[in-house]
Amino acid sequence: AQTVTQSQPEMSVQEAETVTLSCTYDTSESDYYLFWYKQPPSRQMILVIRQEAYKQQNATENRFSVNFQKAAKSFSLKISDSQLGDAAMYFCAYRTGANSKLTFGKGITLSVRP
Amino acid sequence: GAGVSQSPSNKVTEKGKDVELRCDPISGHTALYWYRQSLGQGLEFLIYFQGNSAPDKSGLPSDRFSAERTGGSVSTLTIQRTQQEDSAVYLCASSLAPRTANNEQFFGPGTRLTVL
C-alpha cells in the first residue's frame, strides 16, 4: 500500500525567510504524481505544486519549489521569501497514474512570524 | 459560483441520528471524490465517482456510510446511526479527466460534522 509521511507536525518561519517542509512516500509504482496542498483556516484545499514522477526536473511555481529525490522517495517543499499569507496547513499527497484518488500525509502546520 | 460547493457548512447531530452531506461539483467535471479529515489526521479517501462507472467505495469505513451521485452531478454522502468517531470535516473534490497528468482536484470548503 502507498503511504505518505510528514514527520514534522509544526514549523515556524520568519517572514521573508525560506522554509522547507519534508515529505516521504512509499510506493512500488513507477508511474505516479506528487502534490503539495495548502489548507488555510477557511478549510479550502488549494493545490500549490505538482510533480510528475517521470520528470527529473524539479517543479517550481513562483516562490514554491520542490526537491524531488525519486530514489530516496522524498518530496520536500521549499517556500522562499515567506509571507504572512503562507501560514496554513500543508499536505503532501500522492496518486498513481492509473488511479485518481489521493493519498495524503497528516499535514504540517506552518506559522509565519512577522 | 465556479467552485465546488458543499452544504451544510457545519452540522451538529446527536449520536444515532442519520445525516446527509451535499456536494455540488464544478460544472463539467466528471469525477467526484469524498474525503474525511479527522482531527490530527490527514485526509482519508472515502469514495470516488467517475462518469457512469461503478463508484470506487474502497475507502468507506463501514456500511453506515454510503454515497450517491445523481445525474452525474450533485452527490450526497449519507452517514447512518452516527457515532462520535464520525466527527470530522468531510471534503468533496471534483476533477476533469481523472487519470491524466493534469488531473487537478478542486476541493470544496468542507462540512464540519460534530456528533454529540
Side-chain angles (χ1 to χ4, degrees), chain A residues 1-10 21-26 29-55 57 59 61 68 75 88-109, chain B residues 1-10 21 23 26 29-51 53 55-60 67 88-113:
Chain A
Q2 295 87 13
T3 58
V4 178
T5 303
Q6 294 179 253
S7 56
Q8 307 154 303
E10 296 178 351
L21 311 183
S22 301
C23 173
T24 59
Y25 59 95
D26 186 23
E29 301 286 337
S30 58
D31 178 23
Y32 57 89
Y33 303 87
L34 296 162
F35 308 84
W36 278 98
Y37 279 88
K38 172 184 178 181
Q39 186 182 42
S42 66
R43 301 197 305 243
Q44 191 86 43
M45 296 281 285
I46 302 163
L47 179 64
V48 174
I49 199 164
R50 169 199 300 116
Q51 175 79 43
E52 292 87 345
Y54 62 85
K55 289 187 177 179
Q57 186 172 6
E61 287 287 344
F68 175 45
F75 182 61
M89 278 202 76
Y90 287 81
F91 291 93
C92 180
Y94 159 101
R95 73 169 179 91
T96 68
N99 200 325
S100 55
K101 64 185 181 184
L102 292 167
T103 300
F104 287 86
K106 290 189 177 182
I108 179 171
T109 300
Chain B
V4 178
S5 60
Q6 292 186 245
S7 60
S9 178
N10 292 283
L21 312 180
C23 173
I26 293 172
H29 280 193
T30 59
L32 186 147
Y33 315 77
W34 283 98
Y35 296 89
R36 178 170 71 175
Q37 183 176 13
S38 304
L39 187 63
Q41 301 294 318
L43 279 76
E44 169 192 19
F45 166 77
L46 296 177
I47 188 168
Y48 156 56
F49 296 89
Q50 168 52 33
S53 302
D56 176 355
K57 304 179 181 180
S58 60
L60 294 178
V89 174
Y90 290 82
L91 290 162
C92 176
S94 70
S95 73
L96 292 167
R99 294 197 181 88
T100 64
N102 197 29
N103 169 33
E104 178 177 350
Q105 294 187 22
F106 292 84
F107 284 79
T111 294
R112 180 179 298 279
L113 174 66

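Note that the coordinates shown come from a computational prediction; the quantities given were computed from them, not determined experimentally. Chain letters run A, B, ... following the sequence lines, proteins first and then strands; every chain starts at 1.
With rounding to the nearest 0.5 angstrom, the NZ atom of A:K101 is 5.0 Å from the CZ atom of B:F45. Note that NZ of A:K106 is 10.5 Å distant from OG of B:S38, once rounded to the nearest 0.5 Å.
Contact count against chain B (heavy-atom pairs under 4.5 Å) is highest for A:L102 among A:T96, A:L102, A:L47. Interface check for chain B: of the options A:Q6, A:Q39, A:Q44, A:M89, the most heavy-atom pairs under 4.5 Å are formed by A:Q44.
For B:T111, the part sitting under 4.5 Å from any heavy atom of chain A is the backbone (N, CA, C, O) and nothing else. Of the atoms belonging to B:F106, not a single heavy atom falls under 4.5 Å from chain A.
Here the closest heavy-atom approach between residue B:Q105 and residue A:Y37 is recorded as O-OH, 3.6 Å. The minimum heavy-atom distance between A:F91 and B:Q37, with the atom names listed, is CZ-NE2, 3.3 Å. When every heavy atom of B:G110 is checked against every heavy atom of A:R43, the shortest pair comes out as O-NH2, 2.8 Å.
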